[in-house]
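Let me begin by presenting the structure, written as structure tokens, before commenting on it.
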Amino acid sequence: MAGGAVVVRVGPVPESFASGLAEGLGARLVEGFVKVFPDGEVYVRLPGEVEGSTAVIVFTGYPEPTQRLWEAVLAVEAARGLGAEHVVVVAAYTPYARQDRRFLRGEPVSVRALFYSLAASGAEAFVTVDIHKTVSLQWFPGPAVNVDPAPAFAEKLRPLLEGREKVYVIAPDQGAVGRAKSLAERLGAPFDYLEKVRDRVTGEIVLRPKLVDVSGAAVVLIDDIVSTGGTMAKAARMLYEQGAEVVIAAATHGLFAGEALEKMRKAGIVHILVADTVKAPEDVDVASVGRLAADAVKSVLEAVAGYESEG
Ligand code: R5P
């Protein structure tokens, strides 16, 4: 590969993620310059190192997802303009991924529009961490890889769970059960998901694990996103009502909109773990996934460029 790989950070990607990515690739980390004009238009300028390189443009979709996305699109186009040999996009957190189908007539498939915009501007390959549904990657017109944060989460959780006899990894709904399975396998624990059932006594709809009995257990709740914290808080409350001893929350993308953290703590969640895909609040535990993203980038580069690491 003529010019080697250069990781270009565009926007507020956490330092640990960007440097983990660059180190894992044995690549230089450079900054894309971004500013917003008084009328709201976004300006991006990339450094000269991108010329002739394999440009790995890294961005994250939070905060201000729409601006972040547009910065990434402009950075891809700028990399092409500088004569980058290959352009790969890494989205630490992919915004708009929950709108992955037309729930109502007249709606867009937003995540598909996002992929088309990046690809049309010159992105050849795409890597992201824990996208809402991996099936969405089919719409990126080139190699696209999802990074599972479970190895990094397991490393953080093992010491916390040491000595506990009964540990379950539970997803808040069936759609997230794949995440629970992957983490549970690494922790050597059973997994399950919560389903809505009508309580025979009160007649109320409650959330209950499909298979396991959580009484006396340490439960790790796992999800892709914490936004308002409502999903995690409700799940934790239900699990405590059903006898769980301790509930820990692990979510890849900690957006923590509004009072999310307070809501989760009030529900009794004793430990909150996120990945470094978006900036985390000070008092939250953070697992670094940049190195895992680097491995995924290597695999897509093999497809587009016959990549060999220089690190
Ligand atoms: C939904 O489909 C996602 O997987 C998350 O469960 C959801 O985004 C969490 O949102 P909130 O924190 O607002 O409940």
Side-chain angles (χ1 to χ4, degrees), residues 60-66 68-69 91-104 107-112 114 128-137 139 146-150 153 168-184 191-196 205-210 219-241 247-281 283-287 289:
T60 187
Y62 191 80
E64 299 175 272
T66 311
R68 299 287 91 82
L69 172 60
Y93 163 59
T94 300
Y96 289 99
R98 282 168 288 183
Q99 184 72 30
D100 55 11
R101 62 190 169 97
R102 302 185 207 282
F103 298 94
L104 297 174
E107 287 182 347
V109 180
S110 303
V111 69
R112 177 159 53 188
L114 181 156
T128 191
V129 183
D130 200 5
I131 192 164
H132 183 59
K133 284 195 195 123
T134 49
V135 72
S136 301
L137 293 175
W139 291 312
N146 185 56
V147 175
D148 181 357
F153 279 169
Y168 293 124
V169 181
I170 297 184
D173 55 53
Q174 193 171 7
V177 75
R179 293 183 180 94
K181 181 171 187 285
S182 177
L183 181 60
F191 66 94
D192 201 354
Y193 68 90
L194 298 180
E195 63 170 3
K196 284 183 187 160
I205 299 288
V206 294
L207 292 172
R208 272 219 187 103
K210 169 98 177 144
V219 177
V220 179
L221 271 172
I222 175 123
D223 208 354
D224 57 337
I225 299 169
V226 166
S227 179
T228 66
T231 304
M232 286 289 200
K234 185 170 184 192
R237 270 198 308 273
M238 295 275 164
L239 291 166
Y240 280 122
E241 276 172 26
V247 178
I248 291 170
T252 310
H253 313 292
L255 312 186
F256 300 115
E259 305 296 298
L261 265 181
E262 292 72 15
K263 211 184 283 178
M264 290 168 72
R265 295 217 165 99
K266 246 173 127 176
I269 295 172
V270 297
H271 191 91
I272 300 171
L273 173 63
V274 295
D276 58 349
T277 55
V278 303
K279 189 175 184 296
D283 48 352
V284 159
D285 195 10
V286 181
V289 294

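Just follow the structure's listing: the first ligand is 1, and inside any ligand the first atom is 1. Position 1 is the first residue of the sequence; numbering continues from there.
- Counting protein heavy atoms only, atom 14 (O) of ligand 1 is closest to T231 OG1, 2.5 Å.
- The heavy atom nearest to atom 6 (O) of ligand 1, out of those in D223, T252, D130, is found in D223.
- Listed by number with element, the atoms of ligand 1 under 4.0 angstrom from any heavy atom of G229 are 11 (P), 12 (O), 13 (O).
- Distance CE/M238 to CD1/I170: 13.5 Å, rounded to 0.5 Å.
- Between K133 and D100 there is a salt bridge, with a side-chain nitrogen of the basic residue lying less than 4.0 Å from a carboxylate oxygen of the acidic one.
- Under 4.0 Å from ligand 1, heavy atoms of T228 appear from its side chain as well as its backbone.
- With salt bridges taken as basic N to acidic carboxylate O contacts below 4.0 Å, one links E195 and K210.
- A donor-acceptor pair is defined here as one N or O able to donate and one able to accept, closer than 3.5 Å; no such pair exists between the side chain of H253 and the backbone of T94.
- Heavy-atom proximity to V226, at under 4.0 Å, picks out these atoms of ligand 1: 12 (O).
- Residue D224 touches ligand 1 through its side chain alone, judged by heavy-atom distances below 4.0 Å.
- A donor atom on one side chain and an acceptor atom on the other are not found under 3.5 Å apart for Y93 and T252.
- The side chain of H132, and not its backbone, has at least one atom closer than 4.0 Å to an atom of ligand 1 (non-hydrogen atoms only; side chain from C-beta on).
- Considering backbone and side-chain atoms alike, M232 places every N or O at 3.5 Å or more from each N or O of ligand 1.
- Salt-bridge formation is not detected for the pair D148/K181: no Lys NZ or Arg NE/NH1/NH2 atom is positioned less than 4.0 Å from an Asp or Glu carboxylate oxygen.
- Between I131 and S136, the shortest heavy-atom distance links the atoms CD1-CB, 4.3 Å.
- What sits closest to atom 9 (C) of ligand 1 on the protein, heavy atoms only, is I225 O, 3.4 Å.
- Less than 4.0 angstrom separates some heavy atom of G230 from each of these atoms of ligand 1: 12 (O), 14 (O).
- Looking at R112, its side chain never comes within 3.5 Å of a backbone N or O of W139 through a donor-acceptor pair.
- The nearest protein atom to atom 8 (O) of ligand 1, hydrogens excluded, is given as R98 NH1, 3.0 Å; this is a heavy-atom distance.
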